[in-house]
Amino acid sequence: MTCLLVQPGAAGLDLTLPPELDWSHLQDLLQQYFQLSEAWWLPQAPVRVVCGARILDGEHWQWLSGLLQKQKLIITTVQTEARATAVAAAMAGYSVEQGIMPPPTASATLPALYLDQAVRAGVEIRHPGTVVLVGDVNPGGCLVADGDILVWGRLRGVAHAGAQGDSRRLIMALEMAATQLRIGELVARTPPSTAFYPEVACVQGDAIVLYPARDFGRTTPGGVF
Amino acid sequence: MGRIIVITSGKGGVGKTTTTANLGMALTRMGRTVALMDADFGLRNLDLLLGLENRVVYTALEVLAGDCRLEQALVRDKRQPGLALLPAAQNRNKDAITPEQMQQLAELLTEKFDYVLIDCPAGIESGFKNAIAPAQEALLVTTPEIAAVRDADRVVGLLEAHGIRKIALIVNRIRPQMVQANNMMSVADVQEILAIPLAGLVPDDERVIISTNRGEPLVLESNLSLPGIAFSNIARRLEGEKVPLLDLDAPYNTLIGRLRRFFNR
């Protein structure tokens with residue numbers, strides 16, 4: 001699984017650069033991430049950039065700090081396994097932590113990620129908590145959350161709630177026309193339908209089931225709401 | 001300072017270059033000066049569609065290398081003196097130029113022209129990034145096909161990530177008859193997914209193919225064909241005029257047609 005991009009860290013935020021992406025792909029992803037997500041962090045929050053084994057030179061750091069500055073974020077610390085990256089980061093004036101990348105911590109109690117723009121084809125949003133989207137997920141778009149997913153709009157792409165394996169998570173949408181729904185380890189397709197109303201997807205037994213939103217509180221024992 | 005508009009699509013073969021050529025011509029006919037920039041290095045076509053191939057001497061690369069002045073590389077159209085083409089190099093590939101250099105060229109052009117239209121190559125790789133780097137606005141061309149719309153949706157996301165917020169949609173190659181019979185995505189279907197304002201609709205027409213082969217853009221004809229009208233309407237909308245959309249359904253919206261659709265439902 002791709003590492004999470006931005007999450008609360010020991011002091012401020014941790015920005016993890018997924019190791020499997022090349023730099024230009026990563027640039028796109030970061031730009032898209034900051035374009036789509038509303039600032040849930042405090043202004044001037046210190047950022048620790050977790051680079052793993054990635055080699056980043058002075059030019060890379062210049063681009064990254066410029067991008068983060070626009071979001072009112074300041075790079076303070078760099079975590080890296082590569083010597084070249086450590087040198088370049090120190091030259092740029094960041095404090096450097098060398099050593100193996102700590103595994104990303106994730107829990108559903110993290111702050112929810114609020115998005116207020118359509119998630120278009122080719123965009124993949126990952127968040128260690130719950131994701132709330134005001135807008136559509138278009139075909140080819142993807143939302144992955146360790147918590148719940150709420151879509152105040154049409155869900156036509158892929159949604160994965162409880163991505164760390166938690167099958168108690170829910171996916172809610174005003175119009176459930178997803179290419180695929182995933183909760184925990186389960187996968188389902190939405191039935192072809194022409195009439196759309198708000199629906200909730202949850203796991204019962206070993207299958208994902210859909211309920212009309214207005215019945216959901218009544219039909220599920222104990223009502224999750 | 002002129003407006004810099006990139007014409008892009010994601011998918012290939014949906015009509016970016018045709019649109020660029022026709023919009024450029026239509027805008028100059030309205031009294032504007034227009035520079036067309038071909039950003040498709042290595043696969044340039046814009047000069048062909050304009051019928052200017054045999055007049056290309058220098059390209060954007062020679063300008064950047066300082067081998068010639070910008071004025072020398074610009075090919076002026078004899079039919080429309082307000083129109084100039086800055087050709088791409090044919091013997092190189094997309095990496096022959098950087099986004100910064102594209103920006104530099106486009107800025108030079110905006111000093112002299114009211115519009116700078118950039119013809120973007122297909123794909124979302126370096127050629128695309130070069131083409132959108134200088135742009136302030138974008139015209140997104142798509143056809144009513146699921147693959148073209150999907151790619152266009154991806155491109156909208158990328159344009160927005162690069163800070164281009166003013167994006168308008170051109171739905172090209174519509175076949176009203178097929179839409180009526182429910183065999184083709186309608187404009188409403190396309191717009192529902194892309195959710196960006198519509199700049200215009202262009203019907204599918206064989207005259208478009210003829211005009212591209214001849215190197216004479218449709219909007220040059222004295223007696224405008226339907227696609228010719230569609231392109232000049234888009235140009236007028238770019239100028240801020242309120243022009244109603246073409247009613248492409250009109251020829252098929254007869255009583256018999258409606259009855260047939262009603263019973264086929």
Side-chain angles (χ1 to χ4, degrees), chain A residues 5-6 21-38 59 62-64 66-71 115-126 133-143 151-158 174-175 177-180 192 194 196, chain B residues 8-11 14 94-95 97-100 103 122-133 135 138 140-169 182 185-186 188-197 265:
Chain A
L5 274 174
V6 183
L21 298 179
D22 64 41
W23 176 247
S24 73
H25 193 157
L26 187 69
Q27 279 180 309
D28 284 347
L29 194 71
L30 284 167
Q31 275 176 331
Q32 263 167 1
Y33 183 88
F34 287 119
Q35 188 81 41
L36 281 166
S37 52
E38 263 181 48
E59 218 170 280
Q62 208 179 356
W63 183 87
L64 198 59
L67 179 81
L68 292 178
Q69 248 161 29
K70 280 189 221 145
Q71 308 299 327
L115 307 169
D116 63 350
Q117 255 183 41
V119 173
R120 293 179 180 275
V123 177
E124 186 175 290
I125 304 287
R126 288 174 179 271
L133 168 71
V134 181
D136 295 349
V137 181
N138 281 354
C142 185
L143 283 180
V151 179
W152 193 260
R154 283 191 203 99
L155 172 53
R156 291 197 277 199
V158 175
L174 291 187
E175 216 183 279
T179 317
Q180 239 180 47
T194 46
F196 288 109
Chain B
T8 181
S9 71
K11 193 171 180 302
V14 296
K94 307 275 186 285
D95 301 320
I97 190 166
T98 65
E100 291 74 30
Q103 224 152 354
I124 52 170
E125 292 78 24
S126 62
F128 169 79
K129 287 186 180 152
N130 288 340
I132 66 166
L140 188 69
V141 184
T142 187
T143 54
E145 288 160 294
I146 196 156
V149 173
R150 180 71 60 92
D151 292 1
D153 192 37
R154 175 107 169 88
V155 165
V156 176
L158 293 173
L159 288 170
E160 282 172 349
H162 282 85
I164 301 174
R165 290 279 169 169
K166 206 171 165 193
I167 310 170
L169 177 70
N182 258 332
M185 285 174 94
S186 71
D189 295 336
V190 176
Q191 257 203 305
E192 194 194 51
I193 290 182
L194 296 178
I196 52 174
R265 204 165 279 172

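The chains referred to below are lettered A, B, ... by the order of the sequence lines, with proteins before strands, and numbering in each begins at 1.
Contacts with chain B were tallied for A118(A), G122(A), G140(A), P139(A); P139(A) has the most, counting heavy-atom pairs under 4.5 Å. Ranking D153(B), I193(B), D151(B) against chain A, the residue ahead of the rest is D153(B), based on heavy-atom pairs under 4.5 Å.
In this structure, CD1 on I125(A) lies 5.5 Å from CG on L115(A), to the nearest 0.5 angstrom.
Looking at I146(B), neither its backbone nor its side chain comes within 4.5 Å of chain A, counting heavy atoms on both sides.
Among L174(A), L143(A), V134(A), the one residue that satisfies the side-chain contact (heavy atoms from CB on, under 4.5 Å) test with V151(A) is L143(A).
For CD of Q62(A), the number of neighbouring non-hydrogen atoms (other residues, nucleotides, ligands) closer than 6.0 Å is 12 at most.
A salt bridge between E192(B) and R154(A) is present, with a side-chain N of the basic residue lying under 4.0 Å from a carboxylate O of the acidic one.
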